[in-house]
Amino acid sequence: MNSFTFTQAAAVDAAVREKASHDGAAYIGGGTNLVDLMKENVARPTHLIGLKKLGLDTIENTPDGGLRLGALATNADTAYHPEVISRYPLLNQAILAGASPQLRNMATDAGNLMQRTRCYYFYDLATPCNKREPGTGCSAIGGYNRVCGILGTSDSCIATHPSDMCVALAALDTIVRVSGPNGERTIKFEDFHRLPGNHPERDNTLEPGELITGLDLPKKGFSENFSYLKLRDRSSYAFALVSVAAALELDGNTIKDARLALGGVAHKPWRDQAAEAMLVGQPATADTFRRVAAKVLENAKGYGENTFKIELAKRAIVRALKQATEMKEAVDTNAFLNSNP
Amino acid sequence: MTLQTDYIGKPTNRVDGPAKVTGGAKYAAEYNVPNMLYGYVVSSPIAKGKITKIDAAPVLALAGVQQVFSHENVPHYAFFDRSYQDEIAPGGSPFRPLYDAEIKFSLQPVALVVADTFELARYAASVLYIEYEEVAHETKLSQHIDDAYEPGTGKTGYQPPKSRGNFGKGWKEGVAHVEAQFSHHAQHHNPMENFATTVEWLGDKYLNIYDKTQGAFNSQLLVTKIFGLSKEQARVVSKYTGGGFGSGLRPQYQLLLAVMASLELERSVRVSLTREQMFSFGHRPETMQHVALAAAADGSLTGINHFAVAETSQFEDFTENVVGWSGMLYDCKNVALGYRLAKLDVYTPLDMRAPGAASGSIALEIAMDEMAYAAGLDPLEFRIRNYSDRDQAQDLPYSSKALRKCYHEGAAKFGWEKRTAEPGSMRDGNLLVGWGMGGGVWDATTKPATVRASLDADGHLTVSSGTNEIGTGTYTIMTQIAAESMGLPIEAVTFVLGDTELPESPLQGGSWTAASVGNSVVEACAALGEKLLKQAQKMDSLAFKDVKIEDVQFANGQMRLRSDSTKAMVLRDVVQASGEGKIEAQNAKEKSKLAALKPPKYSMHAHNAVFVEVKVDPDLMTVHVTRVVNAVAAGRILNPKTARSQVLGSVVWGLGMALMEESVMDHRFGRYMNHSLAEYHVPVNADIHDIDVIFVNEEDDKVNPLGIKGIGEVGMLGVAGAVANAIYHATGKRVRDMPITVDKLL
C-alpha cells in the first residue's frame, strides 16, 4: 500500500472539485473493496476523498412514486428498509445474498456499483491483466477462469462484475444519479456498467470526476412475483457462479411484464430485454422458461473452466422464473434449508 | 489405571476461555516490545529461475527504512543441510530463505524489508525493484506419474506401505470387482492466525522469540542450529496458537528472517506473513490414487490394491501414510500397496490434519461404497463383514478396538436402517436425499514428555510443560488431570505451557499431545506426591511415619491415609513446613523414552464411523449436508466438551475437503491463484447443519496408563468419502475427484 493523503469532503461540489484538483485521487465510501485493492497494490490512489460526511445516506420516496436510495446508504440499511422490503423485495433478497453482515454494514449503495471484479488475476500483481494494466494480456483466458464470464466477453477480458445488488437494480430499471464537473446527470442502469471490449480497465461510463449521488427506483417494484437465485460454491461469503434476478407481472398464468437479469456471467449485470419481451404474453410454464433460458444463453461462450456456467445459467433462469411465478419456495436456494439469509 | 473422576471425563469449560474472549491471550504478533522494527517479506512472482538484480538503493533512501535483506547481504550462518533440518524435516535439503539467487517455488521469499513501521516496510517492499530470469517450471502432477519414485524413510513417522499375500490371486478369487482413479488438489491449512514472529533483542545475542508454532522446542532447535546460538540465547515462547492443523509443525521462514534481522540489526524485529504468503509454504500435497478391490460372493474382500502418487518439492521428500491404512482398516489376506512421490517446482508439502489418511481414506471409502453396490450389500453390512479383529499390517492384536460399537451406535443414531439402497430412491419433497457412510483409523501415539509439578505454600499447584495450545483444549485437559491427580479443586491448579524454559515436550501434533503430556502430568504429580509424603514424614506427625506412597491418597487439598481418611495433613501446611515456599517434582523423561523404544506388543489405534445425509437439488445440483453422525472410538475422553469441539471441527474439515476446499494452481505461472480467504473456500456457518458426535465407550489399559488415544485427526476420517458416497446415493453420480463442486454434478 502506498502513502496517501485524505480529505473528508463536506459537500458534493467540494468533493468533485477536490477530485479534479488531484491526480490519482479516489472517492472512498465504505472502503470495503477499495481498501483491499490498496492493500494488494492493485489500486494506488495518492489522495482519498472521504464521502461519509456528505449525507446522501437517506432512503426516501420520490414524487413519482419511486424510491431514492442515497449513494451513501449502507447495503444493510437499504436491504432492511421497510419500503425496500415491502415494495422492492427483489432488491432486499439480492443485497442479502451478497457479502457478509459485517461487509453490508460498511458497504455503501454507490460503492456496490463501483466495486471491481474478483477475477484472481486482477488481484495478483504477478500475473498479466488487461483490467489492471492495459495491454499486458488476459491471464484468465486459458487460465483458471471458473469465476469468469460467458456473455459479452472480449479477447481482452472475461472478468465479471461481482455484485448481487446490481443485478436486482438492473432488473428494476434503476436510474443512477451522478454529479460531476459539468453538473448533474442521470444514467440508465443498463448503460452504467460497460462490456470490456478493448478497454476492460473501464468498468463503467462515469466521466472523470463524476460522483454517484443516488439511485432512483421507479414505482414498479414487482413485489408480487420475484426471485433472486444465487448459485455459489458455499452458502455465504462467496461470489455468484451464476445469479438470476427474475420479476414477473402475471395475469392469471399469463405473463404481462417481465424482468430478467443475470449476475456472475458478464462484465456487467446482464439484463436481457429481448428475453423479457419473449416472456410477455406467454404462459408462465416451464416450457416457456426453458425457451427463454436457451435464448439468453444463445451467444454464450465458455472458456473451459467456466463452460459449466452456460448450462447452470439456463437451469437457474428456469428455476428463478418458476420461483417468481409460484412464490412458494424460499427465494434463495442457498437458504432453502433454513430461512436465515 | 483406576481414577477418581472429579474432573477427568467431565465436560469442563476451557480454562483459557476468558483470556481468549477478552483479548488477554497474546499471539506471536501481539507482543509489542519496545523499540521494535518491522520486517515485510517480498515474495517471488515466478516459480523457477533466479534473481538477476536487486536495486535496493531507492528503497533504502526512504526515511525510516533500516535495511533490505536479500541473498546479496545476508551472511551464510550455516553451511550444512543438517543445520537447517528441524525436528520433522523430511529427507533432503531444506529451503534456506535469502540464501542464494535461486528461485525454487512461486511466492518464495526473496527479500526482507525492515523499517520503523509496518506500513513503511509494506510500502517499501511493494516498490523494491527485482529482476528475475525465469526458466520453465513443472507443477503438474499428472505429467510426472511416470517419473515418480519410492521415497526413503527420511521423515519421522513415515512407514513405507507393506503389501501382503498375493493381490493378483485375490483379484482372481473375487466375483465382484471395483477399480477406479481418485484425485484431489493441494490444500493449505489457513489457520486464522497468520504466521508471525516477534523477536525481542535483549542484548549480546540474547533473544526472546515469540513465534507462531506448534512446537516451541522445534523453533528453538532450528534457530540454535542455524545461527549458532545457545538455548539460553534463543528462548522461544508460544502461549497461544491461533489454529495449527499441522502448519506450525515445521518452523516457517518468517522465524528465521526475524531472528536474522534481529541479530544483524541488534534490534527487536517482527515479521508477519500476509494471507497470500500463507500459500507460500507447506500444504496437503495433491495426490492421484488408484484403488482396486475384489470380493467373494459372501462380500468378504479377497484383494485390496491401493496406489498413490503425491507431489513433493524438488528439494525434500515429504512423505505421509496415504495407503497404509488400506491394509489395516478391513480384513483381507491379499493387499498390494504402493506410494510414490513426484518432484515439482513447489514448496515442500507439510502434514495437514490427518495427513495421508485424510487423502487415502477418500479413495478407500468411496471404493468400499462402490464395492458394496457391486456386491449387492448395504455399505455398513459390507464393512462389518470385513471387520478386522487383528492388525494384519503389523500382525499384532489391537490394544482395544471399539469400531464395531461406532458402526452400531452411529447407525442407530442416524437411522441408517431406513436407507433404501437404490440411488435416487430417497426424497424430501423435490430434493434428492442421499445417505452415505465411511470411517477411518488413526495412530494412538504416546511420546516422551516432561512435566514439572510445583505446589506452593498457598496450596496452589502449578504444572508446566513446554507443549503448545493450538486451540484443542490442552490448557484445560492438563489442568483437569493435575487437579484429579493431586486431589485439588480445579481453581487451585494452573497449567503453564509454550515456553522453551519449561520442561521439554514433543511437538503438538499427530493427536499425541493428550496422551503424551497427560500421562506425564500424572507421573509428575506422583513424583510430587512422594516428595510431599517425605516432607510430611519429617514433620511431627506419627500418622505418616513408615507409610508408603501406595498407602496415601490425595483429596480435598489433603494427603490422607487410604486406610483411615481421618489421618490427614493439609498439603498447604506441608509446603509451609518445608520452609522452601514450594515443593516441586518432575517426571523422568528417560523412563518414558525407554518405554517408547520397546517393540510394540499391540497395535494402538483410534477409529471412527461417519454417517452423512445430503440433500441435492435435482435440477441445479446444489448439495447441502444436512446431517452428520460421527461415532468415535478413541479410548478415554478426558473432556467431552473440548473433545466434541475437536470432532465438530474435524467434520467441518471433512465437508470442506469433500465439497469446496482446494488450492488451485495456474500451471502457466506455477502459482496458486485463489490465495485469499474469499476465494479459498472453507465451509461457513451456513454450510453446517446437524452434527452429532458420539464417543463410544472404549477402555484401554495397554495404550498408556490413562487409556488416551487422541482425537485431533481421527474425527476427520471418512467424512469426505461419506459425503461423496451420499452424493452418489442421492444422484447416481460417482465423483472421484475432490472437491465435488456443482460443475462436476451438472
Side-chain angles (χ1 to χ4, degrees), chain A residues 1-4 36 39-41 44 99-100 103 118-121 123-128 139-140 142-147 162 229-239 241-242 286 305-312 314-316 318-320 322 329 332-338 340-341, chain B residues 43-47 62 106-107 119-120 122-123 125-127 274-276 428-431 615 617-622 624-626 655-656 659-662 664-679 681-689 739 741-746:
Chain A
M1 186 189 273
N2 57 305
S3 299
F4 57 88
D36 279 356
K39 285 184 186 170
E40 303 284 348
N41 293 309
R44 301 182 189 222
S100 64
L103 286 164
R118 261 58 171 202
C119 179
Y120 309 113
Y121 301 96
Y123 270 80
D124 191 332
L125 270 63
T127 61
S139 299
Y144 184 58
N145 50 42
R146 176 178 170 78
V147 297
L229 173 65
K230 179 175 181 178
L231 303 175
R232 47 185 154 178
D233 282 328
R234 63 179 169 191
S235 299
S236 179
Y237 194 51
F239 295 96
L241 294 168
V242 169
E305 299 272 354
N306 73 347
T307 304
F308 74 96
K309 281 190 177 186
I310 298 173
E311 178 61 25
L312 189 64
K314 286 182 191 168
R315 297 188 193 189
V318 172
R319 173 63 61 84
K322 181 169 178 278
E329 295 175 63
D332 179 353
T333 48
N334 277 313
F336 78 93
L337 296 162
N338 58 4
N340 269 332
Chain B
S43 305
S44 168
I46 66 166
L62 295 167
S106 189
L107 287 174
E119 290 77 9
L120 179 61
R122 178 171 62 176
Y123 167 69
S126 77
V127 296
T274 64
R275 181 58 62 181
E276 181 185 38
D428 173 14
N430 184 43
L431 299 171
K615 290 186 180 172
D617 186 300
D619 301 317
L620 304 171
M621 301 314 282
T622 47
H624 291 263
V625 178
T626 46
L655 301 187
L659 296 174
M660 62 190 78
E661 197 172 338
E662 60 178 332
V664 182
M665 176 167 282
D666 184 328
H667 295 289
R668 298 168 308 167
F669 302 108
R671 192 171 173 92
Y672 298 112
M673 290 312 303
N674 56 337
H675 45 59
S676 70
L677 286 185
E679 302 302 339
H681 291 152
V682 298
V684 294
N685 279 321
D687 293 308
I688 304 304
H689 300 280
T741 44
V742 65
D743 46 302
K744 295 174 188 170
L745 293 171
L746 277 179

Next item on the list: Tell me, out of A:Ser100, A:Gly142, A:Ser3, who's got the most heavy-atom pairs with chain B below 4.5 Å.
Entry: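 Of the options given, most contacts go to A:Gly142.
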Next item on the list: Quick one: which of B:Asn674, B:Asp619, B:Leu120, B:Thr274 has the most heavy-atom pairs under 4.5 Å with chain A, could you say?
Entry: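 Heavy-atom pair counts peak at B:Asp619.
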Note to self: Out of B:His675, B:Met621, B:Glu119, return the one with the most heavy atom pairs under 4.5 angstrom to chain A.
What the structure shows: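 Top option by heavy-atom pairs under 4.5 Å: B:His675.
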Note to self: With a 4.0 Å cut-off on N to O distance, would you call B:Asp743 and A:Lys309 a salt bridge?
What the structure shows: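 Salt bridge between B:Asp743 and A:Lys309, a charged N being under 4.0 Å from a carboxylate O: no.
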Measuring only between side-chain heavy atoms, which start at C-beta, is [X] closer than 4.5 Å to [Y]?
X	Y	value
B:Val664	A:Glu305	no
B:Val742	A:Leu231	no
A:Arg315	B:Leu746	yes
A:Arg118	B:Glu679	yes

Notebook entry, point to check: Crowded around B:Tyr123 OH? As in, over 12 foreign heavy atoms under 6.0 Å?
Noted result: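 Count not over threshold, so no.
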Margin query: Taking atom CG as the centre, does B:Asn685 end up with more than 12 heavy-atom neighbours from other residues, nucleotides or ligands that are less than 6.0 angstrom away?
Written below: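 No.
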At a 4.5 Å cut-off on heavy atoms, which part of [X] comes close to chain A: side chain, backbone, both, or neither?
X	value
B:Met665	neither
B:Met673	both
B:His667	neither
B:Leu677	backbone

Notebook entry, point to check: Between A:Tyr121 and B:Asp666, do the side chains contain an N or O donor and an N or O acceptor separated by less than 3.5 Å?
Noted result: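 Yes - a donor-acceptor pair under 3.5 Å links their side chains.
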Item checked: chain B contact via A:Asn41 - which portion, at a heavy-atom distance below 4.5 Å ->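 Contact with chain B is through the side chain of A:Asn41 alone.
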Notebook entry, point to check: Quick one: what part of A:Leu125 sits under 4.5 Å from any heavy atom of chain B, side chain, backbone, both or neither?
Noted result: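 Neither the backbone nor the side chain of A:Leu125 comes within 4.5 Å of chain B.
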Checklist line | Interatomic spacing from CD in B:Glu276 to NZ in A:Lys39 - rounded to 0.5 Å | finding: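 One gets 13.5 Å once the value is rounded to the nearest 0.5 Å.
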Looking at [X] and [Y], would you say the former's side chain and the latter's main chain have a donor-acceptor pair under 3.5 Å?
X	Y	result
A:Arg234	B:Pro683	no
B:Arg668	A:Ser139	yes
B:Asp687	A:Ser235	yes

Check: A:Leu312 and B:Leu620: which non-hydrogen atoms are nearest, and at how many Å?
Finding: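 Smallest heavy-atom distance, with atoms named: CD1-O, 3.9 Å.
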